[in-house]
Amino acid sequence: MDYLVMRLYAPISSWGTLAVGEDRPTVNYPTRSAVLGLLGAALGIRRSETQKLKDLADSIGIASKTYSEGTILRDYHTIQTPTTSKGVNFFTRKQELQSVKVETILSSRDYREDGLWVVAIWLKPDAQGSKLEHNVDLQQLQYALKHPKFTLYLGRKSCPLSLPLSPQIITANHLKAALDVSINELLADSSKDKSVKNVNELSDRSNRVAQWQTNELIDTMVSDRYLPTTIEYTAINEQNTRLRQVTYHWEGEIDSMFEGAPPVNIFTHNHWDDPTDRKQWQFTQRIGHQWTAYESIENKEAKEIMSNTPDKEAVL
């Protein structure tokens, strides 16, 4: 089966969940509504284009792997809005603030700092060859993510991307195999993509600087030396064997994640993140699954990355 796999990273991100009163919390994984919003923005679909958004939501399934859920940042947020007046419309922010009556809304908004996720997207069997008004395919989504129509962000407009998504289409027998693809491989495949070209050819020095910067980013984001995840030292005298905690979230059948029989420690629950109307900001429930496990890390991972990195002093 084909999956569209991409890496999500930003200095801050926010995955909205049930919000009551002044609190605006965030969960620790990319929600379905946020990923659909990301794809919709890349495709250039507006909130008012209800049918296009519905067809997009009906076409794809979403799963994610959490390498780092980040640390919580809470923002005490204030915003001034005009009071509702019958027959009065405001077309700009300036007009809103010039209103005779302005009230202040207070809220506490949560963000996640330094989170890192890999997301896999696939076409639902019912959507392939269906008679939807607006059909999409993985190649179209991949191209849109590389050439987005609107600005992409992770959850809120104040959360722009820090690194490229590096979307790649991968063939795998099950979801876990697709999500376990090395981030290094995503970046390496993305760098080979000839469809995206820089109009200004880089000099040799610029190429060396770009290579050094790229490898530094890979080492910082992927290496267990820096990644803020749970690491367990399993053997005192075997430093090459370490475990990193990762968490998988997916929808659909439980068996779709695994090649064989699923483990027993899977948590299935309802999520309120399936959008029904973007314009009215309405959502409904869906069933999702969660599984936390440990995967092994070897020190050679970082060594291999840095062995291909030019010396900083020689480059700069």
Side-chain angles (χ1 to χ4, degrees), residues 1-8 27-32 35-36 39 58-69 115-129 136-139 141-142 145 165-190 221-224 227 229-232 234-235 238 240-271 273-274 286-301 304:
M1 185 173 181
D2 289 340
Y3 299 92
L4 177 61
V5 183
M6 58 182 172
R7 179 263 321 269
L8 303 185
V27 292
N28 55 1
Y29 60 91
T31 56
R32 177 173 173 81
V35 176
L36 287 173
L39 296 174
D58 292 342
S59 299
I60 64 172
I62 300 170
S64 65
K65 178 180 181 181
T66 302
Y67 281 96
S68 169
E69 63 182 28
L116 176 64
W117 299 269
V118 168
V119 171
I121 298 165
W122 67 95
L123 294 179
K124 293 181 178 179
D126 295 341
Q128 300 184 39
V136 295
D137 56 46
L138 296 185
Q139 289 76 16
L141 293 175
Q142 180 188 27
L145 291 169
L165 296 170
S166 301
Q168 300 298 329
I169 296 177
I170 294 172
T171 301
N173 294 328
H174 52 282
L175 257 177
K176 187 175 182 299
L179 289 170
D180 286 346
V181 63
S182 169
I183 297 180
N184 295 353
E185 294 179 17
L186 287 180
L187 298 180
D189 290 341
S190 182
M221 291 310 305
V222 180
S223 171
D224 58 292
L227 197 63
T229 56
T230 302
I231 299 176
E232 179 179 301
T234 58
E238 297 180 12
N240 287 334
T241 303
R242 289 186 280 178
L243 299 179
R244 173 170 58 203
Q245 180 177 298
V246 293
T247 302
Y248 300 85
H249 290 87
W250 72 102
E251 56 188 45
E253 298 295 330
I254 292 179
D255 296 342
S256 64
M257 173 62 69
F258 308 97
E259 184 174 15
V264 296
N265 58 331
I266 295 176
F267 177 50
T268 299
H269 59 108
N270 290 328
H271 304 265
D273 64 354
D274 197 3
R286 68 176 178 91
I287 297 177
H289 314 289
Q290 174 182 330
W291 177 55
T292 299
Y294 285 94
E295 64 179 14
S296 61
I297 312 173
E298 295 183 357
N299 284 343
K300 67 178 183 180
E301 176 183 326
E304 289 177 356

Enquirer: Taking all heavy atoms of Gln245 and all of Tyr294, pick out the closest pair and write down the distance.
Expert: OE1-OH, 3.4 Å
Enquirer: Would you say that Asn265 contacts Trp291 through its side chain, given a criterion of any heavy-atom pair below 4.5 Å between the two side chains?
Expert: yes
Enquirer: Would you give the length of the straight line joining atom OG1 of Thr66 to atom NE2 of His249, rounded to the nearest 0.5 angstrom?
Expert: 6.0 Å
Enquirer: Is it the case that the side chain of His289 and the backbone of Gly252 share a donor-acceptor pair, with hydrogens and angles ignored and the cut-off at 3.5 Å?
Expert: yes
Enquirer: Determine whether the aromatic ring centres of Tyr29 and His271 lie less than 6.0 Å apart.
Expert: yes
Enquirer: Give a yes or no on whether a salt bridge exists between Asp58 and Lys124, defined as a side-chain N under 4.0 angstrom from a carboxylate O.
Expert: no
Enquirer: What's the separation between atom CG in Asn173 and atom OG in Ser256, rounded to the nearest 0.5 Å?
Expert: 13.0 Å
Enquirer: Working to the nearest 0.5 angstrom, can you tell me the gap between Leu138 CG and Leu123 CG?
Expert: 4.0 Å
Enquirer: Can you name the nearest heavy-atom pair linking Leu179 to Met257, along with the distance?
Expert: CD1-CE, 3.9 Å
Enquirer: Within this structure, what is the OG-CG distance for the pair Ser64 and Leu175, rounded to the nearest 0.5 Å?
Expert: 10.0 Å
Enquirer: For a 4.5 angstrom cut-off between non-hydrogen side-chain atoms, does Leu116 reach Leu8?
Expert: no
Enquirer: Under a 3.5 Å distance rule, please check whether Gln168 uses its side chain to pair with a backbone N or O of Val5 as donor and acceptor.
Expert: no
Enquirer: Go through the side-chain N and O atoms of Asp2 and Trp122 and say whether any donor and acceptor fall under 3.5 Å apart.
Expert: no
Enquirer: So does Glu295 pair up with Lys176, basic N to acidic O under 4.0 Å?
Expert: no
Enquirer: Taking all atoms of both residues into account, what is the closest heavy-atom pair of Tyr3 and Ala178, and its distance?
Expert: CD1-CB, 3.7 Å
Enquirer: Between Val35 and Trp117, is there a side-chain heavy-atom distance shorter than 4.5 Å?
Expert: no
Enquirer: Atom CG of Leu4 and atom CG of Leu145: how far apart are they, to the nearest 0.5 Å?
Expert: 6.0 Å
Enquirer: My understanding is that only residues two or more places apart in sequence, or in another chain, count here; which of them pass side-chain hydrogen bond (donor to acceptor under 3.5 Å, both in side chains) with Thr247?
Expert: Thr292
Enquirer: Is it the case that more than 12 heavy atoms not belonging to Gln139 sit under 6.0 Å from its CD atom?
Expert: yes
Enquirer: Indicate yes or no: does Asp273 engage Arg32 in a salt bridge with an N to O separation below 4.0 Å.
Expert: no
Enquirer: Do Arg7 and Leu165 touch side chain to side chain, with heavy atoms closer than 4.5 Å?
Expert: no
Enquirer: I need the Met6 CE to Leu39 CG distance, nearest 0.5 Å.
Expert: 5.0 Å
Enquirer: Between His174 and Phe258, is the ring centroid distance below 6.0 Å?
Expert: no
Enquirer: Could you check whether atom CD1 of Ile254 has more than 12 heavy atoms from other residues, nucleotides or ligands sitting under 6.0 Å from it?
Expert: yes
Enquirer: Work out which heavy atom in Tyr67 is nearest to a heavy atom in Val181; give both atom names and the distance.
Expert: OH-O, 4.1 Å
